[in-house]
Enquirer: 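Pasting a structure here, questions to come.
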Amino acid sequence: MLKIYNSLTQTKEEFKPLVEGKIGIYVCGITTYDYLHLGHARMLVAFDVVTRYLRERGFDVNYVRNITDIDDKILNRAKENGELFSDLTDRFIEAMHEDERALAVLPPDVEPRATGHITEIVEMIKLLVEKDMAYRAGNGDVYFSVMNFPDYGKLSKKKMDELLDGARIEVGELKKDPRDFVLWKSSPDDGVGWDSPWGYGRPGWHIECSAMSTCCLGDNFDIHGGGSDLLFPHHENEVAQSEASTDTQFANVWMHNGPLRVDNEKMSKSLDNFFTVREILETYDAEVVRHLLIASHYRSPINYSEQSLRQSTSILERFYNCLNGLDIDSAKSLTNSRFEKAFFAAMDDDFNTPEAFSVLFEIVREINKQKEGEPILANQLGALLVRLANLLGILQSTPAEFLRSNVATDVDEEEVDQLIAARKQARANKDWALADEIRDKLAAMKVVVEDGADGSGWRIER
RNA sequence: GGCUGGAUGGCAGAGUGGUCAUGCAGCGGACUGCAACUCCGUUAACGCCGGUUCGAUUCCGACUCCAGCCUCCA
């Protein structure tokens, strides 16, 4: 039984899709005005695991993840650079897709862009204005009227009146209520914008997601996800806009991934303590980064550090050392084993990846035990290990690829082979001094030699 | 100040009302010319104070501390 923690009810619930066998899921994507940082990567990887697993469970998943390609930050950055805002967003969308591929994040089924849905956005705002749920202010901006939506706060568990107290939001002369938020912003005539019943302007951030999710998945759909920092106000506002306009429940299940911290502080652009994905990928393998991001439960915070990356590196080395020498391609994966059952039970329990990993380590130990005596069984277990790990998007390389190269180290394989051959000769002559000298030489090249029953293997030192 | 969540062995990180997480590190052994890899064994934990219970790290309450949100943010 698949259970998912629902932020709306604050409980783990048995998951039941609206339509048997099908799942519609919408996740708030990126505002594209810079390179992805590790916090973005966490969100992308978290929901990549979710969708991969839901598909494995046999669901027909429609995964929608939007791109916010119109926003004040984008306009400001474009202005600084002296370029068209669309050139800026095109560039960073391309970079985002590159980073996603590196991290083995599968593309969503639909990737709507805000600028591609202006019509739907305007229609939704129109409906809200007609229903007296929104109003046009003197400057052409249109605001949502929070007071007219009694359920406001049901997702973030905030009380309407408490939101009023000490509200840091200035009561502008434009807003009727400090809690109101903008749906449509008027733009200067020479600025970026679109025509609307309220004049030339551009959409507010929150309405984009309401319009795009409804457009792609319908008024009521199964799962809405995003970072926990979006819960308020963004997701709360989405609920308000959508339910006020459609008079029906918006998303059934709300999933929020936990934050990524650096030195126990939230990593964010505004704190200027963020690491971009591409900068980390210069020194660490993508799979190492991906492991780090799923080694903790998706709802827990992750504290990023060099040490945690090193730990993920040793863990992957253990996996690949185990797979090294197995013949997996021709082996049939063991099915219905206790390992597989335990793995699925862990993932069924709100995508408990740490628990799932503990099962993978049990398989590793079993393989290492059986390698000598029961090679066929070891191969079958190896195939199982790879199959299950692939559901998490890891162990997608071969042992040789992972163990003998990485982004930071480049070795001359021919030279290594020559040195190993020379050492083999020395060992045959029992010239241990020479053998050790050669091993030291290899070590200086960051090459670790491993002597086995059938010759000496090697890997790079990470 | 309000709301939400958390506090687990040296570190990372799950989970459970009474017997094991798991990984890294440590210790002892096996393998090895010595190592590395690997295997076997092993040490070690549940913030603090009460309550419920035959029994609580696990449930309930108070306290302390930490984090996130309340403002753009995945």
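Just so we're on the same page: letters track the sequence lines, and every chain starts at 1.
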Enquirer: For the P atoms, the ones on rG6(B) and on rG41(B), what distance do you get once it is rounded to whole angstrom?
Expert: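 That atom pair is separated by 35 Å.
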Enquirer: Using the C1' atom as the reference point in each nucleotide, state the distance between rG9(B) and rU43(B) in Å, no decimals.
Expert: 10 Å
Enquirer: What nucleic acid atoms does L44(A) come within less than 4.0 Å of, heavy atoms only: base, sugar-phosphate, or nothing?
Expert: nothing
Enquirer: For rU64(B), which nucleotide in any strand shown is its Watson-Crick or wobble partner with both distances under 3.5 Å?
Expert: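 The answer is rA7(B), by the H-bond criterion.
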Enquirer: Base, sugar-phosphate, or nothing for G226(A), non-hydrogen atoms under 4.0 angstrom?
Expert: sugar-phosphate
Enquirer: Give the rounded distance in Å between these two atoms: CZ of F339(A) and P of rU22(B).
Expert: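 Taking CZ of F339(A) and P of rU22(B), I get 13 Å after rounding.
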Enquirer: Would you say Y53(A)'s side chain and F344(A)'s backbone share a donor-acceptor pair under 3.5 angstrom?
Expert: yes
Enquirer: Could you pull out all residues at least two apart from K157(A) that satisfy salt bridge (charged side-chain N to carboxylate O under 4.0 Å, His left out)?
Expert: none
Enquirer: On a whole-Å scale, what distance lies between the C1' atoms belonging to rA21(B) and rA12(B)?
Expert: 13 Å
Enquirer: rA7(B) and rG47(B): how far apart are their C1' atoms, nearest whole angstrom?
Expert: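 These two C1' atoms come out 6 Å apart once rounded.
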Enquirer: Between R202(A) and D72(A), is the closest basic N to carboxylate O distance under 4.0 Å?
Expert: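 A salt bridge links D72(A) with R202(A).
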Enquirer: Taking the six-membered ring of F47(A), is NZ or CZ of R65(A) closer than 6.0 Å to its centre and within 45° of its axis?
Expert: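 Judged by the rule, R65(A) and F47(A) form no cation-pi pair.
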Enquirer: Give a yes or no answer on whether the side chain of S213(A) reaches the backbone of S210(A) with a donor-acceptor pair at less than 3.5 Å.
Expert: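 Such a contact is found between S213(A) side chain and S210(A) backbone.
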Enquirer: Starting at CD1 of I363(A) and ending at P of rU22(B), how long is that distance when rounded to a whole Å?
Expert: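 In whole Å, rU22(B) P lies 15 Å from I363(A) CD1.
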Enquirer: Counting Watson-Crick and G-U wobble pairs only, both distances under 3.5 Å, name the nucleotide matched with rC27(B), or none.
Expert: rG41(B)
Enquirer: Report which part of the nucleic acid I315(A) touches: base, sugar-phosphate, or nothing (heavy-atom distance under 4.0 Å, all strands).
Expert: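 Sugar-phosphate: the residue I315(A), judged by heavy atoms under 4.0 Å, touches backbone atoms but no base.
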Enquirer: Assess the pair F92(A) and Y35(A): is the distance between their ring centroids shorter than 6.0 Å?
Expert: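 Yes - the distance between ring centres of F92(A) and Y35(A) falls below the 6.0 Å cut-off.
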Enquirer: Once each nucleotide of nucleotides 30-42 of chain B is scored for protein heavy atoms under 4.0 Å, what B/S/- sequence comes out, 5' to 3'?
Expert: ---BBBBSSSS--
Enquirer: Could you tell me the separation between the CD atom of E236(A) and the C1' atom of rC70(B), rounded to a whole number of Å?
Expert: 12 Å
Enquirer: Using the salt bridge (charged side-chain N to carboxylate O under 4.0 Å, His left out) criterion, which residues pair with R365(A)? Sequence neighbours excluded.
Expert: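 For R365(A), no residue satisfies salt bridge (charged side-chain N to carboxylate O under 4.0 Å, His left out) once neighbours in sequence are set aside.
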Enquirer: Could you check whether Y26(A) and Y63(A) have their ring centres less than 6.0 Å apart?
Expert: no
Enquirer: Could you identify the nucleotide paired to rU57(B), looking across every strand shown and requiring Watson-Crick or G-U wobble geometry with both distances under 3.5 Å?
Expert: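 Base-paired to nothing in any strand shown.
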Enquirer: Of all the heavy-atom pairs spanning V359(A) and F339(A), show the shortest one and how long it is.
Expert: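 Heavy-atom minimum between the residues: CG1-O, 3.2 Å.
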Enquirer: Quick one: pull up CG in D348(A) and CZ in F343(A) and give me the separation to the nearest 0.5 Å.
Expert: 10.5 Å
Enquirer: For F361(A) and C28(A), find the nucleotide of RNA chain B closest to each by heavy atoms; which residue's nucleotide sits nearer the 5' end?
Expert: F361(A)
Enquirer: Scan nucleotides 4-10 of chain B nucleotide by nucleotide, 5' to 3', and note B when protein non-hydrogen atoms come under 4.0 Å of the base, S if they reach only the sugar-phosphate, - if neither.
Expert: SS-----
Enquirer: Whole angstrom is fine here: how far is it from CG in D48(A) over to C1' in rA74(B)?
Expert: 15 Å
Enquirer: Under the rule for side-chain contact (heavy atoms from CB on, under 4.5 Å), what residues qualify as partners of V386(A), not counting sequence neighbours?
Expert: L323(A), I328(A), N390(A)
Enquirer: For rG33(B), what is the paired nucleotide under Watson-Crick or G-U wobble rules, both distances under 3.5 Å?
Expert: none
Enquirer: Roughly how many Å apart are rC49(B) and rC65(B), using the C1' atom of each and rounding to a whole number?
Expert: 15 Å
Enquirer: Please report, rounded to the nearest Å, how far the P atom of rG23(B) is from the CG atom of L292(A).
Expert: 18 Å
Enquirer: How is G29(A) classified with respect to the nucleic acid when contacts are heavy atoms under 4.0 Å: base, sugar-phosphate, or nothing?
Expert: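 Sugar-phosphate only.
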Enquirer: Provide the distance between the two C1' atoms, one in rG33(B) and one in rA44(B), to the nearest whole Å.
Expert: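 Each nucleotide's C1' atom is 36 Å from the other's.
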Enquirer: If the P atom of rC37(B) is compared with that of rG18(B), how far apart are they to the nearest Å?
Expert: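 Here rC37(B) and rG18(B) have their P atoms 37 Å from each other.
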Enquirer: Paired with rC69(B) by Watson-Crick or G-U wobble geometry, both distances under 3.5 Å: which nucleotide is it?
Expert: rG2(B)
Enquirer: For P259(A) and for E362(A), locate the closest nucleotide of RNA chain B by heavy-atom distance; then report the residue assigned to the nucleotide nearer the 5' terminus.
Expert: E362(A)
Enquirer: Please report the distance separating the P of rC59(B) from the corresponding atom of rC70(B), rounded so that it comes out in whole Å.
Expert: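 Each nucleotide's P atom is 29 Å from the other's.
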Enquirer: List, with names and distances, any nitrogen or oxygen atoms from the protein found under 3.5 Å away from nitrogen or oxygen atoms belonging to nucleotides 12-16 of chain B.
Expert:
| unit_1 | atom_1 | unit_2 | atom_2 | d |
| --- | --- | --- | --- | --- |
| rA14(B) | OP1 | H297(A) | N | 2.8 |
| rA14(B) | OP1 | S300(A) | OG | 3.1 |
| rA14(B) | O3' | N352(A) | ND2 | 3.1 |
| rA14(B) | O2' | E355(A) | OE1 | 2.4 |
| rG15(B) | OP1 | N352(A) | ND2 | 3.2 |

Enquirer: In whole angstrom, give the distance that lies between atom CG of L230(A) and atom P of rA74(B).
Expert: 6 Å
Enquirer: What is the distance, to the nearest angstrom, from the CD1 atom on I30(A) to the P atom on rC72(B)?
Expert: 18 Å
Enquirer: Could you state the atom-to-atom distance from CZ of F274(A) to P of rC72(B) in whole Å?
Expert: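 After rounding, the reported distance stands at 18 Å.
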Enquirer: What is the pairing partner of rA74(B), taking Watson-Crick or G-U wobble pairs with both distances under 3.5 Å in any strand?
Expert: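 In the structure as shown, rA74(B) has no Watson-Crick or wobble partner.
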Enquirer: Looking at D34(A) and K73(A), does any basic side-chain N land under 4.0 Å from a carboxylate oxygen?
Expert: no
Enquirer: Do the rings of H256(A) and W254(A) sit parallel, tilted or perpendicular, given the 30° and 60° boundaries?
Expert: parallel
Enquirer: With L38(A), which of V45(A), L260(A), I302(A) fulfils side-chain contact (heavy atoms from CB on, under 4.5 Å)?
Expert: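 Among V45(A), L260(A), I302(A), the one that satisfies the side-chain contact (heavy atoms from CB on, under 4.5 Å) with L38(A) is L260(A).
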